[in-house]
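Proteins come first, then strands; the chains are lettered A, B, ... in the order of their sequence lines, and each starts at number 1.
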Amino acid sequence: MPAVLAGMDGFVSEPWPTTEAEARAVQERLRRLVVTRDDFGPLRRIAAVDAHFSADGSATWAAVAELDADSLELTRSVLLCQPTRFPYIPGLLSFREAPAMVEAIGLLPEPPDLLVIDGQGTAHPRRFGLACHVGVLTGLPAIGVAKSRLVGRYEDLGETRGSRALLWHRREVIGAALRTRDGTNPLFVSPGHRVGLETCIQLVLRFAPRWRLPEPIRLADALSRMHG
DNA sequence: GCGACAG
DNA sequence: ATCTTGTCGC
């Protein structure tokens with residue numbers, strides 16, 4: 001398996017917010033740049049990114065798994081570690097995970113055609129979840145796939161794969177609960193950047209032909225547990 | 001005022 | 001996210 005290993009020397013070109021107030025200000029500024037309609041070309045290479053933390057939380061590991069969009073087979077991987085720079089605060093998760101993710105994506109020789117992010121996109125109280133943040137910072141199309149709900153309400157959905165229910169918050173559709181496998185809990189899918197909601201749903205079903213989680217996320221997840 | 005709260 | 005084994009069920 002091809003891999004690149006970078007040390008704890010990562011940096012982000014512009015200063016990263018340190019306080020909650022700063023992060024909220026940045027979030028308010030960046031949220032306006034999110035595009036929630038389809039705006040991407042042919043999908044050849046897709047990539048998923050996942051973050052993990054050391055036991056004491058001081059180090060952040062980011063794993064990127066690049067796959068062929070048709071065969072869903074791993075084509076390349078990146079694993080890097082850098083100091084953690086922000087605490088976990090619900091609604092501000094991206095300020096904890098995005099910097100390492102963006103840097104790891106930058107280590108790919110070629111930018112992928114689509115990012116699959118383990119977290120919410122617009123299904124967020126201020127419409128700026130992790131997938132939006134990473135999408136806007138990289139400029140790449142991104143979709144958010146979360147294993148649980150952050151905000152919003154949805155009606156019951158069918159038990160079979162493909163069943164879905166729109167996720168509503170303050171009279172707005174912010175994403176969808178989507179069943180990718182019969183009898184399992186639904187995933188929460190929402191646009192990250194440059195992808196519309198219906199396309200997000202179609203793509204997640206395509207990328208998760210067998211298991212509950214999309215293959216890209218499964219691979220990135222497995223990779224991120226391989227440090228040490 | 002009280003509970004909920006991605007990873 | 002992390003601490004963590006076996007076990008029940010499709």
Worksheet item: Does A:N185 offer a backbone N or O that forms a donor-acceptor pair with the side chain of A:R212 under 3.5 Å?
Response: yes
Fill in: Side chain A:R45, main chain A:L114, donor-acceptor under 3.5 Å
no
Worksheet item: Counting a pair only when it is Watson-Crick or G-U and both distances are under 3.5 Å, which runs of at least 3 such pairs involve DNA chain B?
Response: none
Worksheet item: A:D182 side chain to A:T160 main-chain N or O, any donor-acceptor pair under 3.5 Å?
Response: no
Item to complete: Take A:H133 and A:F95 through the test side-chain contact (heavy atoms from CB on, under 4.5 Å) and record every step on the way to the result.
Response: CA-CA 9 Å; A:H133 203 157; A:F95 291 90; 3.5 Å; yes
Discussion item. Check for me, please, whether A:W168 and A:L197 land in the same ILVMFWY cluster - side-chain distances under 4.5 Å, paths through other members count.
Written reply: yes
Worksheet item: Between A:R24 and A:Q27, is there a donor-acceptor pair closer than 3.5 Å when you use the side chain of the first and the backbone of the second?
Response: no
Discussion item. How many whole angstroms separate atom CZ of A:F86 from atom C1' of C:dA1?
Written reply: 16 Å
Response to the item:
Taken to the nearest whole Å, CZ/A:R212 to C1'/C:dC10 is 17 Å
Fill in: Base versus backbone protein contacts along nucleotides 2-7 of chain B [heavy-atom cut-off under 4.0 Å; B, S, -]
---BBB
Discussion item. Given the ring of A:F53, does A:R96 sit roughly above its face, with NZ or CZ under 6.0 Å from the centre of the six-membered ring and within 45° of the axis?
Written reply: yes
Worksheet entry | Sub-6.0 Å ring centroid separation between A:F188 and A:Y154 | yes
